[in-house]
> 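Just dropping this structure here.
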Amino acid sequence: MKTVSSWKSFGGTLSVHEHDSAVCKCPMQFAVYNPPVSAGADSGTRVPVIWYLSGLTCNWSNVMEKSGLQRIAAELGVMVIAPDTSPRGGDVPNDEAYDLGQGAGFYLSATQAPWSTHFHMDRYIVEELSDLVFSQFPTADPARQGIMGHSMGGHGALTLHLKHPETFRSVSALSPITAPMQVPWGEKAFSTYLGEDRSTWAEYDACELVKSNPSQAQILVDTGDADPFLEEQLRPQLFIDACKAADQPLNYRMQNGYDHSYWFIASVIEDHLRHHSSILGG
């Protein structure tokens with residue numbers, strides 16, 4: 001791992017790192033906000049870790065540059081990890097469309113050529129990047145991890161939590177794709193990366209996962225009622241109904257007048273970080 005950039009922010013450090021990924025078979029970058037050590041605390045004090053998964057076309061920079069999370073993360077004493085959204089590079093397959101290929105990994109492990117060589121973002125986060133973070137950042141506490149994300153990243157956060165509730169003890173999402181098997185973004189990505197056998201898609205669909213394996217965690221979700229993708233791509237009622245049927249604790253808030261942008265994320269991210277901190281401890 002090499003450090004690409006580093007800046008002091010609200011007493012903590014925002015840094016960007018690059019490493020060669022064995023899972024994705026290409027160099028990968030990720031960002032870390034490491035909060036300041038509390039006054040008088042031992043330098044070895046461990047802090048909770050919150051993973052933030054970004055949406056289509058994004059990388060680590062979007063949330064770190066646009067959300068303003070550093071101020072509240074510093075106050076709460078939580079570390080925030082922002083992985084990339086997909087493998088990247090000249091040897092990595094791509095597509096001209098914004099919702100497929102580089103920048104659109106959908107947090108799954110592809111089984112179809114040519115994507116199956118590189119596109120394994122779920123394994124990359126849960127296995128490889130997690131090992132790297134906890135070996136290189138001694139203040140990161142592996143026993144206190146939460147996960148959150150936006151749009152495609154909200155889909156990733158929900159599915160990874162539901163499959164690994166013992167690892168990601170807290171979870172939240174912003175404008176998430178919660179029923180990818182039933183919306184155009186998901187159907188396009190899943191048929192391309194996983195093939196036409198829809199039975200293989202269910203392990204990456206939050207609605208299907210919550211039916212079979214609800215967690216005990218309180219899920220926090222925020223979506224704007226002015227989101228242009230609300231009715232076609234997000235379809236929140238499907239997830240609300242699935243959680244109700246499965247007795248999955250859920251606080252789904254529809255925010256008046258907000259859209260899908262980072263102006264919306266910046267407006268509610270403090271609530272989400274406090275949600276994670278209240279569960280994980282700060």
Side-chain angles (χ1 to χ4, degrees), residues 47-53 55 63 67 69 72-73 76-81 107-108 122 125-126 130 141-183 186 201-225 227 230 233-256 258 260 264-265 267-282:
V47 298
V49 175
I50 302 172
W51 297 81
Y52 182 95
L53 308 185
V63 69
S67 72
L69 68 81
I72 189 64
L76 296 173
V78 297
M79 181 182 294
V80 181
I81 312 291
Y107 304 100
L108 52 71
D122 56 341
I125 292 167
V126 174
S130 178
D141 189 348
R144 293 189 291 165
Q145 296 183 66
I147 193 165
M148 64 183 294
H150 171 235
S151 194
M152 177 186 71
H155 142 75
L158 293 172
T159 56
L160 289 179
H161 162 74
L162 289 168
K163 289 197 281 190
H164 306 281
E166 72 290 343
T167 298
F168 304 111
R169 292 170 45 201
S170 60
V171 60
S172 70
L174 304 134
S175 311
I177 305 169
T178 58
M181 293 177 65
Q182 302 181 65
V183 302
W201 297 7
E203 65 174 303
Y204 300 111
D205 186 295
C207 283
E208 297 302 313
L209 287 169
V210 82
K211 292 175 186 176
S212 60
N213 191 35
S215 78
Q216 299 301 310
Q218 173 79 24
I219 299 175
L220 172 64
V221 180
D222 275 307
T223 300
D225 66 4
D227 192 315
L230 185 64
Q233 304 285 12
L234 306 185
R235 301 187 65 184
Q237 194 61 47
L238 294 175
F239 188 62
I240 294 170
D241 292 343
C243 288
K244 184 177 181 180
D247 291 325
Q248 168 68 56
L250 173 67
N251 180 14
Y252 205 121
R253 310 188 304 187
M254 193 62 67
Q255 300 286 3
N256 182 45
Y258 286 97
H260 201 73
F264 165 57
I265 294 172
S267 300
V268 297
I269 198 165
E270 179 171 344
D271 284 356
H272 284 249
L273 292 177
R274 291 191 182 280
H275 165 77
H276 288 272
S277 182
S278 68
I279 296 168
L280 302 174

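The residues of the chain are indexed from 1 along the displayed sequence. What you see is a predicted model, and the numbers here were worked out from it, not measured in a lab.
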> Show, in sequence, the C-alpha distance, side-chain angles and deciding distance for Leu53 and Ile147, and conclude whether the side chain to side chain contact (heavy atoms under 4.5 Å, CB included) test is met.
CA-CA 8 Å; Leu53 308 185; Ile147 193 165; 3.9 Å; yes
> Does a side-chain heavy-atom distance below 4.5 Å link Leu238 with Gln182?
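Heavy-atom side-chain distance check passes, below 4.5 Å.
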> Could you tell me how the ring of His260 sits relative to the ring of His150: parallel (under 30°), tilted (30 to 60°) or perpendicular (over 60°)?
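Rings of His260 and His150: tilted, 30 to 60°.
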> Please report the interatomic distance CD(Gln237) to NZ(Lys244), rounded to the nearest 0.5 Å.
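It comes to 9.0 Å.
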> Is the shortest heavy-atom distance from the side chain of Arg144 to the side chain of Ile279 under 4.5 Å?
no
> A side-chain contact here means heavy atoms from C-beta on lying under 4.5 Å apart; do Pro165 and His161 qualify?
yes
> Is the shortest side-chain heavy-atom distance between Ile219 and Asn251 below 4.5 Å?
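In short, these two side chains do not touch, never coming nearer than 4.5 Å.
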> Tell me if the CD atom of Gln216 is crowded by more than 12 foreign heavy atoms within 6.0 Å.
no
> Can you tell if the side chain of Met254 reaches within under 4.5 Å of the side chain of Leu230, non-hydrogen atoms only?
yes
> What heavy-atom pair brings Ala242 and Cys207 nearest, and what distance separates the two atoms?
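Minimum heavy-atom separation between Ala242 and Cys207: CB-O, 4.0 Å.
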> Ignoring hydrogens and angles, state whether a donor on the side chain of Thr159 or Tyr107 is under 3.5 Å from an acceptor on the partner side chain.
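Tyr107 and Thr159 do not have a side-chain donor-acceptor pair below 3.5 Å.
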> Side chains of His272 and Ser172: any donor to acceptor distance under 3.5 Å?
yes
> If we only count heavy atoms from C-beta on, is the Met148 to Ile50 side-chain gap below 4.5 Å?
yes
> How close do Ala206 and Leu162 get, heavy atom to heavy atom, and via which atoms?
O-CD1, 3.8 Å
> If you round to the nearest 0.5 Å, how far is CD1 of Ile177 from CZ of Phe239?
13.0 Å
> Hey, are the side chains of Phe264 and Asp222 touching, using non-hydrogen atoms and a 4.5 Å cut-off?
yes
> Could you walk me through whether Asp227 and Tyr258 pass the side chain to side chain contact (heavy atoms under 4.5 Å, CB included) check?
CA-CA 6 Å; Asp227 192 315; Tyr258 286 97; over 6 Å; no
> Are Gln218 and His275 packed together at the side-chain level, in the sense that at least one heavy-atom pair is separated by less than 4.5 angstrom?
yes
> Decide yes or no on side chain to side chain contact (heavy atoms under 4.5 Å, CB included) for His164 and Val126, but give the supporting numbers first.
CA-CA 9 Å; His164 306 281; Val126 174; 4.0 Å; yes
> Under 3.5 Å, is there a donor-acceptor pair between the Thr178 and His155 side chains?
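No, no side-chain donor-acceptor contact under 3.5 Å.
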